[in-house]
Colleague: 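Before I ask anything, here is the structure I am working with.
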Amino acid sequence: MIAGRADQAAVYYESPVTGASRTITYAEMLELVARFAGVLRNLGVEKGDRVVLYMPMVPEALVAMLACARLGAIHSVVFGGFAPAELAARIEDAAPKVVVAASCGVEPTRTIPYKPFLDQAIERSSHKPDRCVILQREQVTAEMGERDLDWDECMQPGTVEPAECVEVVATDPLYVLYTSGTTGKPKGIVRDNGGHAVALTWSMKNLYGIEPGEVFWAASDVGWVVGHSYIVYAPLLAGATTIVYEGKPVGTPDAGAFWRVVEKYKVASLFTAPTAIRAIKKEDPDARELEKYDVSSLRRLFLAGERLDPETYKWASEKLGIPVIDNWWQTETGWPIATNPVGIEELPVKPGSPTVPTPGYDVQVLDDQGQQVPAGTEGSIAIKLPMPPGTLPTLWGDDDRYVSSYLSAYEGYYLTGDGGYIDEDGYVYVMGRTDDVLNVAGHRLSTGSIEAALAGHPSVAECAVIGVADQMKGQIPRAFVVLKSGVNIESDEDVEKLRSELVARVREEVGAVAALKLVDVVLALPKTRSGKILRKTMRQIADGQEAVVPSTIEDPTVLDTLRPVLRKE
Ligand code: COA
Ligand code: AMP
């Protein structure tokens with residue numbers, strides 16, 4: 001057809017959790033997308049309207065995203081691991097005309113019915129979508145209500161007229177993807193059409209070294225930015241083949257899961273999070289599983305989403321015997337801020353560094369006064385304006401928050417929220433967030449939303465959540481709660497009961513991905529005189545680092561009392 005790829009595979013769907021696999025060619029994909037765009041158009045979706053998607057890793061998620069793009073409608077995908085309250089916050093903010101969801105997600109140990117979550121979320125939100133299109137999966141049949149329509153019925157050939165592309169201008173929004181800030185209210189990152197398409201297409205060859213017709217596998221989830229950019233848009237814009245993988249690096253069924261897929265589909269490049277590699281390494285330290293498969297097609301392994309620790313880097317490069325490339329970026333940018341631009345020039349790797357700033361990004365390290373620091377000195381990593389194409393133009397419906405969150409810290413710079421340094425050779429080192437955003441298994445979570453869930457418990461007066469170092473997940477959340485006066489919780493059983501209630505609340509309100517397990521009951525939280533909780537100081541103590549105690553601390557004895565508790569895990 002038009003670009004000569006009609007019979008080439010656009011999508012390989014591989015689902016070890018259900019046993020399904022399927023190949024969809026470009027011609028078939030186009031047909032499905034045009035048909036689903038027709039379905040959405042019949043439901044009144046027009047250019048500029050929002051459509052929220054709450055889907056697991058199934059090809060229909062891509063079909064729905066691209067159908068929105070075809071109509072000029074704005075999709076907003078919500079990660080399946082988020083609970084109703086998080087979904088509700090996104091529905092409230094995006095005000096979608098239609099929601100597209102599946103009846104369930106399938107995790108290795110359990111099937112999660114999505115529809116009751118969706119119904120609860122709509123119940124909680126003051127905005128109600130007109131319609132919900134539900135993909136019924138065989139593992140769980142969702143109960144349908146008045147506003148619900150069945151995906152398969154809507155998509156019956158002959159029942160719907162495929163929709164043509166609707167023209168948009170380059171700066172029209174393509175999607176809104178919510179990400180965690182420090183408060184409980186998620187930030188709606190806006191992505192435009194033109195800059196995004198240009199940047200991602202360019203990145204496939206120049207940053208990832210992928211040619212049209214090759215297989216590029218980003219083992220992430222469509223609910224995250226890596227999924228948006230490198231499962232859906234970039235590979236398809238570049239004429240490559242993408243893989244929709246519904247499974248995990250381990251346990252589906254074993255630590256050879258990734259290598260099996262690489263062999264089956266002759267994957268040229270694999271992109272995942274360091275956590276996934278740590279999980280494989282833990283289960284199969286000698287990489288015995290790797291020996292069972294022919295992974296000779298694999299040229300490079302790309303890792304992003306969290307800091308790539310040198311040990312994981314070393315293990316992966318030794319076992320695979322191919323270049324392992326760290327790349328640093330964020331939901332806000334949509335593509336790497338720093339990487340090894342292998343398609344332009346493959347630079348020597350320095351373990352612990354995602355190499356150099358990507359062309360288009362003027363990355364600088366600043367001190368508190370906004371002055372550039374000398375090479376090797378740590379500071380706040382900022383990007384000198386203007387930002388390159390594809391990066392966020394604003395936050396959905398909140399230009400002021402965009403300016404205050406990103407542009408007001410340093411005049412003329414975008415604040416990344418990460419700290420680190422640049423060495424004499426221009427290599428960037430990203431050491432971690434300077435704010436209270438958590439990064440759990442490569443998933444970005446907000447302290448604010450976990451704290452809000454804890455604070456809703458009737459016994460809790462106040463609380464603080466910090467991210468502490470974890471061997472496997474990079475970071476895990478740890479909570480400290482102060483009880484309301486008059487609440488008497490003394491026995492070990494009482495404390496245990498409270499703990500499990502709090503853990504359950506976070507699971508219900510934020511979602512299973514928050515993975516909160518560590519909760520301590522404490523007498524008070526360390527604060528500044530203006531009432532700001534000293535989370536960073538707490539985190540430094542918990543991680544055994546040298547702690548910086550601000551001179552504005554209200555009562556130093558509170559911190560002293562807390563030290564042993566912080567150090568104990
Ligand atoms: N829908 C519903 N629940 C989900 C989910 C989804 N899409 N994804 C995860 N969850 C649940 C899990 O079932 C788990 O629940 P449990 O506590 O009942 O077991 C919980 O959320 C935590 O999940 P996860 O973070 O995946 O941890 P895990 O211990 O199950 O698995 C790894 C550990 C390392 C295998 C896993 O974290 C992983 O694959 N990481 C790679 C990270 C990644 O790809 N990040 C994307 C950014 S690039
Ligand atoms: P997200 O928006 O979910 O992609 O998370 C972005 C955050 O993850 C960044 O601000 C960093 O804190 C962290 N991050 C992502 N990639 C890397 C990397 N390669 N090295 C260090 N930190 C990273």
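Read the numbers this way: they start at 1 and go in the same order the structure lists the ligands and their atoms. Every heavy atom of this structure was used, including side-chain atoms; hydrogens, water molecules and symmetry mates were not.
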Colleague: Below 4.0 Å from any atom of ligand 1, is there a heavy atom belonging to Pro56?
Modeller: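 False for this residue.
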Colleague: Ring of Tyr114, cation from Arg137 - is the NZ or CZ under 6.0 Å from the centre and inside 45° of the axis?
Modeller: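 No.
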Colleague: Which residue holds the protein heavy atom closest to atom 46 (C) of ligand 1, what is that atom called, and what is the gap in Å?
Modeller: Ser220 OG, 3.5 Å
Colleague: Under 4.0 angstrom from atom 32 (C) of ligand 1, is there any protein heavy atom?
Modeller: no
Colleague: Could you tell me, atom by atom, which parts of ligand 1 come under 4.0 Å of a heavy atom of Ile112?
Modeller: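 Selected atoms, number and element: 2 (C), 3 (N).
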Colleague: Within a radius of less than 6.0 Å around CD of Glu311, do more than 12 heavy atoms belonging to other residues, nucleotides or ligands occur?
Modeller: no
Colleague: Hey, does Gly511 sit under 4.0 Å from ligand 1 if you only count heavy atoms?
Modeller: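 Under 4.0 Å: no for Gly511.
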Colleague: Output, in order, the C-alpha distance, side-chain angles, deciding distance and verdict of side-chain contact (heavy atoms from CB on, under 4.5 Å) for Val140 and Lys115.
Modeller: CA-CA 10 Å; Val140 167; Lys115 183 64 178 12; over 6 Å; no
Colleague: Work out whether the distance between some heavy atom of Gly105 and some atom of ligand 1 is less than 4.0 Å.
Modeller: no
Colleague: For atom 14 (C) of ligand 1, state which one of Arg278, Lys473, Arg110 supplies the nearest heavy atom.
Modeller: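 The option holding the nearest heavy atom is Arg110.
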Colleague: With under 30° as parallel and over 60° as perpendicular, where do the rings of His196 and Tyr175 fit, or are they tilted in between?
Modeller: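 Ring orientation of His196 relative to Tyr175: perpendicular.
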Colleague: For Glu86, is there an ion pair with Arg90 - N to carboxylate O distance below 4.0 angstrom?
Modeller: yes
Colleague: Any idea which residues sit under 4.0 Å from ligand 2, heavy-atom distances?
Modeller: Val225, Gly305, Glu306, Arg307, Asp326, Asn327, Trp328, Trp329, Gln330, Thr331, Asp418, Val430, Arg433, Asn439, Arg444
Colleague: Once the angle between the rings of Phe79 and His443 is folded into 0 to 90°, is it parallel (under 30°), tilted (30 to 60°) or perpendicular (over 60°)?
Modeller: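 Judged by the thresholds at 30° and 60°, the geometry between Phe79 and His443 is tilted.
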Colleague: Work out whether the distance between some heavy atom of Phe79 and some atom of ligand 1 is less than 4.0 Å.
Modeller: yes
Colleague: For ligand 1, is Met57 a contact, meaning one of its heavy atoms is under 4.0 Å away?
Modeller: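 It does not; every heavy atom stays at 4.0 Å or beyond.
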Colleague: So how far is it from Phe271 CZ to Ile231 CD1, rounded to the nearest 0.5 Å?
Modeller: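 Nearest 0.5 Å value for the CZ-CD1 distance: 9.5 Å.
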Colleague: Could you establish whether Arg507 and ligand 1 come within less than 4.0 Å of each other, counting only heavy atoms on the residue side?
Modeller: yes
Colleague: Looking at atom 37 (O) of ligand 1, what's its closest protein heavy atom, distance included?
Modeller: Ala441 CB, 3.5 Å
Colleague: Using the side chain to side chain contact (heavy atoms under 4.5 Å, CB included) definition, which of the options Val342, Asn340, Asp425 pairs with Leu347?
Modeller: Asn340
Colleague: Does Gly305 have a non-hydrogen atom less than 4.0 Å from ligand 1?
Modeller: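 It does not, in that no heavy atom of Gly305 comes within the 4.0 Å cut-off of ligand 1.
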Colleague: Can you tell me how far the CD1 atom of Ile189 sits from the NE2 atom of His228, to the nearest 0.5 Å?
Modeller: 11.5 Å
Colleague: CD of Gln545: more than 12 outside heavy atoms within 6.0 angstrom?
Modeller: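 Above 12, so yes.
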Colleague: Using a 4.0 Å heavy-atom cut-off, which part of Val226 comes near ligand 1: side chain, backbone, both, or neither?
Modeller: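 Under 4.0 Å from ligand 1, Val226 contributes side-chain atoms alone.
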Colleague: Number the atoms of ligand 1 from 1 as they appear, then name those within less than 4.0 Å of a heavy atom of Tyr114, with their elements.
Modeller: 1 (N), 7 (N)
Colleague: What residue and heavy atom of the protein are closest to atom 39 (O) of ligand 1, and at what distance?
Modeller: Pro249 CD, 3.1 Å
Colleague: Leu438 and side chain to side chain contact (heavy atoms under 4.5 Å, CB included): which partner among Ile476, Ile466, Thr447, Val468?
Modeller: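 The single option meeting the side chain to side chain contact (heavy atoms under 4.5 Å, CB included) with Leu438 is Thr447.
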Colleague: Tell me whether Lys536 at atom NZ has more than 12 heavy atoms from other residues, nucleotides or ligands lying less than 6.0 Å away.
Modeller: no
Colleague: Below 4.0 angstrom from a heavy atom of Gly81, which ligand 1 atoms are there? Numbered from 1 as shown, please.
Modeller: 1 (N), 2 (C), 3 (N), 4 (C), 5 (C), 6 (C), 7 (N)
Colleague: Under 4.0 Å from atom 1 (N) of ligand 1, can you find at least one protein heavy atom?
Modeller: yes
Colleague: Checking the N or O distance criterion of under 3.5 Å, is ligand 1 in contact with Lys248?
Modeller: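 Among all N and O atoms of Lys248, at least one is under 3.5 Å from an N or O of ligand 1.
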Colleague: What are the atoms of ligand 1, with element, lying closer than 4.0 Å to any heavy atom of Ala512?
Modeller: 11 (C), 15 (O), 20 (C), 21 (O), 22 (C)
Colleague: Should you measure from each heavy atom of His443, which atoms of ligand 1 turn up under 4.0 Å away?
Modeller: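 Every atom of ligand 1 under 4.0 Å from some heavy atom of His443: 25 (O), 45 (N).
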Colleague: With side-chain contact (heavy atoms from CB on, under 4.5 Å) as the test, would you mind laying out the steps for Val225 and Thr179 before giving the verdict?
Modeller: CA-CA 9 Å; Val225 68; Thr179 191; over 6 Å; no
Colleague: Is the ring pair Tyr413/Tyr410 parallel, tilted or perpendicular, if the boundaries are 30 and 60 degrees?
Modeller: perpendicular
Colleague: Assess whether a salt bridge exists between Lys292 and Glu289, defined as any Lys/Arg side-chain N lying under 4.0 Å from an Asp/Glu carboxylate O.
Modeller: yes
Colleague: To the nearest 0.5 Å, tell me how far Asp423 CG sits from Thr377 OG1.
Modeller: 11.5 Å
Colleague: Under 4.0 Å from a heavy atom of Ala219: which atoms of ligand 1 are those, numbered in the order shown and with their elements?
Modeller: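 So the atoms of ligand 1 that pass are 44 (O).
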Colleague: What are the atoms of ligand 1, with element, lying closer than 4.0 Å to any heavy atom of Ala279?
Modeller: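 What qualifies from ligand 1 is 34 (C).
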Colleague: Quick test: of every protein heavy atom, which one is nearest to atom 12 (C) of ligand 1, and how far off is it to 0.1 Å?
Modeller: Glu107 OE1, 3.1 Å
Colleague: Side chains of Phe302 and Tyr230: closer than 4.5 Å at any heavy-atom pair?
Modeller: no
Colleague: Students should be able to answer this: which protein heavy-atom is nearest to atom 34 (C) of ligand 1, and at what distance?
Modeller: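 Nearest protein contact, heavy atoms only, for atom 34 (C) of ligand 1 is Thr275 CG2, 3.3 Å.
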Colleague: With under 30° as parallel and over 60° as perpendicular, where do the rings of Trp217 and Phe258 fit, or are they tilted in between?
Modeller: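 Ring orientation, 0 to 90° scale: perpendicular.
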Colleague: Can you list the atoms of ligand 1 that are under 4.0 Å from a heavy atom of Gly442?
Modeller: 47 (C)
